[in-house]
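To start, the structure itself, in structure tokens.
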Amino acid sequence: MDNLMSFQNSNKQTILLLAYEVETFVMSDLATRLTKQGKKVVILQCDTWSFTDNTNFESIHENKDYTLITLEPIFRSLGKSKIIKSIELNQWLEKIDLKDVFRSDPLLCDYRHNRNYRMNTDFNLKKEFIEKVIALFIVIQNEHNFDKVITFNNNYSTKNIAFQFFSNLEIEFLTILPTRVSNYYGAYLDFGKGGNLSEEKKFCSDTEAILIRDEFKHRIRNFNCSYSGHLEVLNFASQFLKKKLKDNISFIGYLISILRKRPKRFFEKIHLSPSLMQIFRHEVIVSTFKFFQWNFFKFDIDTLENKKFVFYPLQCTPESTILTFSSVVSEINFAMDLANNLPLDTYLVVKEHPAMIGIRDIKDYYKLKEIDNIILKHPLDDNDQFMLSCIHVITQCGTIGLEAAVLNKPCTCIGKTDFSTLEGVNCKLDNIDLINNYCNDGNESVDEFLKRVITHSIKLDSKAILYDPFKKNFNRKNWKLEVDKMYELIK
């Protein structure tokens, strides 16, 4: 009997769940479900929230049947203790391409725990962090021998390192990601190689998928938003000033409350956490000044009537789609090079992403305006007029590329994308002269692609899954219903 139990335990599937701050609740719930199914589960808490925030995150994991590992020891040791590099660690450092790891996570947070991309972390600390995280992966892999790694989005440094580490060991790496179709989410295998949607399970019939697909196409062809998040971005942008004033007031309130309740914890010296002065300078002074600076910038109001042009909408940076599928491209430099290589009678219409209002450096806009054939449009201008009249669409890897395919517009993606199989989409930009070097390698029709994606994905309210547990009026029953659907993707 003992031998039988030992054999069963040795064959138990071992799963590693990667969790960032707001993913803590859902990953804990998924881990509990998986352990009840006989899986051995380890959660790696990848962020600094677990020991810098007032929320007691570790209490969420108490009295559970899974194992919890946090990066707190690593963060606290940065700059204080050096790692002894073993032969195995040096071999891993040679295997993993780390040049883009910190494009997605500078290890600094503002007081609301948004990544603060203006505060640069010392390079040596970044390098030390990478080495210590890889050393940790070596230890926990040797101890647990994982069969599968699961994450919800994959857009931060620790997850980026994890993907490269575990894929080198040929361990299945499953990422839950939005599919570009409304609010449907799918399980993607090996996201870093282009994002292959897992097609092991069907979640709806072909008839239902066709109805959803046709409704999606109808919305795009009538220039309605392809996903609800876009409406939220537009609303945020149009109410930016009001929100900025509200943020500044809430910041002052935050300081008063934190000084009353937890002064020692707030002022505790922790590497990579911004100082009180940094927070005040960035949140109140710099960001408000940048908004007013941006607000008085004059975008082009030229009419595009009778003009031949290529449409290039910029993306939000950093953004999950870019960080998940593709390497970062300097969009401003690319736009300038592209414009200089267009035919003499062709313009490049560049439109800022609404979510970048007051964020991108104003100097970038002036650089673009120096190029004669660049027309710089306001972020809140509707895309429909540009999509309807342009001769070509350019995107890094944004959803607008899929929309272009639905509208039968030729499209070029600068980076990797999950819809690279589509007819009319070119994802190989070997020459900046895209008009003369456009090459359509896709062989899947839009109808086939959308039907395939919808069939193998589930509609999720990701915002409710991640953020509802932090609300005072948290409805656990409704939240569980959404997590039930998420569980279907990974079980």
Side-chain angles (χ1 to χ4, degrees), residues 180 220 223-227 229-240 290-291 293-319 321-322 326 328-342 346-407 409-415 417 425 429 434-435:
R180 318 290 184 118
I220 291 177
F223 297 106
N224 290 323
C225 299
S226 58
Y227 60 101
H230 183 65
L231 291 173
E232 294 171 12
V233 168
L234 288 176
N235 181 59
F236 163 81
S238 63
Q239 301 292 322
F240 189 88
K290 283 187 175 295
F291 167 73
Q293 188 182 39
W294 175 90
N295 200 48
F296 289 105
F297 179 82
K298 292 185 178 180
F299 289 89
D300 293 322
I301 57 173
D302 301 4
T303 177
L304 297 174
E305 190 175 352
N306 299 322
K307 286 181 179 177
K308 185 163 67 171
F309 67 92
V310 173
F311 181 40
Y312 181 27
L314 304 179
Q315 287 190 233
C316 181
T317 306
E319 191 260 349
T321 303
I322 299 172
S326 187
V328 170
V329 173
S330 173
E331 292 189 293
I332 302 301
N333 290 339
F334 177 82
M336 295 168 69
D337 290 342
L338 178 60
N340 286 326
N341 283 275
L342 288 176
T346 305
Y347 292 86
L348 179 66
V349 172
V350 179
K351 188 177 90 71
E352 180 60 281
H353 193 286
M356 291 297 287
I357 291 176
I359 297 176
R360 197 185 301 273
D361 196 323
I362 202 77
K363 292 177 183 177
D364 289 338
Y365 300 140
Y366 285 108
K367 287 180 183 177
L368 294 177
K369 294 200 76 169
E370 289 176 359
I371 309 296
D372 291 338
N373 64 331
I374 287 184
I375 299 174
L376 186 59
K377 288 297 185 179
H378 196 282
L380 298 183
D381 284 348
D382 289 332
N383 282 345
D384 53 1
Q385 57 178 313
F386 310 127
M387 291 288 283
L388 195 62
S389 306
C390 70
I391 60 170
H392 202 109
V393 176
I394 307 290
T395 179
Q396 186 158 341
C397 50
T399 306
I400 201 162
L402 174 58
E403 295 173 1
V406 172
L407 296 169
K409 290 284 182 180
C411 173
T412 295
C413 294
I414 306 169
T417 169
V425 175
L429 193 61
L434 65 91
I435 301 298

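Because the structure is a prediction, the values reported are computed rather than measured.
- From Ile414, atom CD1 reaches atom CZ of Phe334 across 4.0 Å, with rounding to the nearest 0.5 Å.
- When each of Asn340, Val349, Leu368 is paired with Ile374, the side-chain contact (heavy atoms from CB on, under 4.5 Å) condition holds for Leu368 and for no other.
- Checked by atom type and distance alone, the side chain of Lys409 pairs as donor or acceptor with a backbone atom of Leu388 at under 3.5 Å.
- Scanning all heavy atoms of the two residues, the minimum distance from Asn341 to Asp337 falls at ND2-O, 2.7 Å.
- Once rounded to the nearest 0.5 Å, the distance linking CG of Leu342 with CG of Leu348 reads 6.0 Å.
- To the nearest 0.5 angstrom, Cys413 atom SG is 9.5 Å from Gln396 atom CD.
- In this structure, Ile375 and Phe309 have side chains that are not in contact, with every pair of non-hydrogen atoms separated by 4.5 Å or more.
- The nearest pair of heavy atoms linking Pro354 to Lys351 is CD-NZ, 4.4 Å.
- Taking every heavy atom of both residues into account, Thr395 and Cys411 meet most closely at CG2-SG, 4.1 Å.
- Of the possible donor and acceptor atoms, one in the side chain of Asp361 sits under 3.5 Å from a partner among the backbone N and O of Lys363.
- Atom CG of Leu338 sits about 8.5 Å away from atom CG of Asn373, to the nearest 0.5 Å.
- Using a 4.5 Å heavy-atom threshold, the side chains of Leu314 and Ile332 count as touching.
- Ile391 CD1 to Thr346 OG1: the interatomic distance, rounded to the nearest 0.5 Å, is 4.5 Å.
- Nearest heavy atoms, Leu402 versus Arg180: CD2-CB, 3.7 Å.
- For the residue pair Gly401 and Val425, the shortest heavy atom distance occurs at O-CG2, 4.4 Å.
- Taken to the nearest 0.5 Å, the CG atom of Asp364 stands 8.0 Å off from the CG atom of Asn333.
- Heavy atoms from other residues, nucleotides or ligands lying under 6.0 Å from OH of Tyr347 number 12 at most.
- Between the side chain of Glu331 and the backbone N or O of Gln315 there is at least one donor-acceptor pair closer than 3.5 Å.
- Taking the six-membered ring where the residue is Trp, Phe386 and Phe311 present tilted rings, their angle falling between 30° and 60°.
- Checking side-chain atoms of Asp300 against main-chain N and O of Lys377 turns up no donor-acceptor pair under 3.5 Å.
- Looking only at distances, no side-chain donor or acceptor of Glu403 sits under 3.5 Å from a matching main-chain atom of Ile220.
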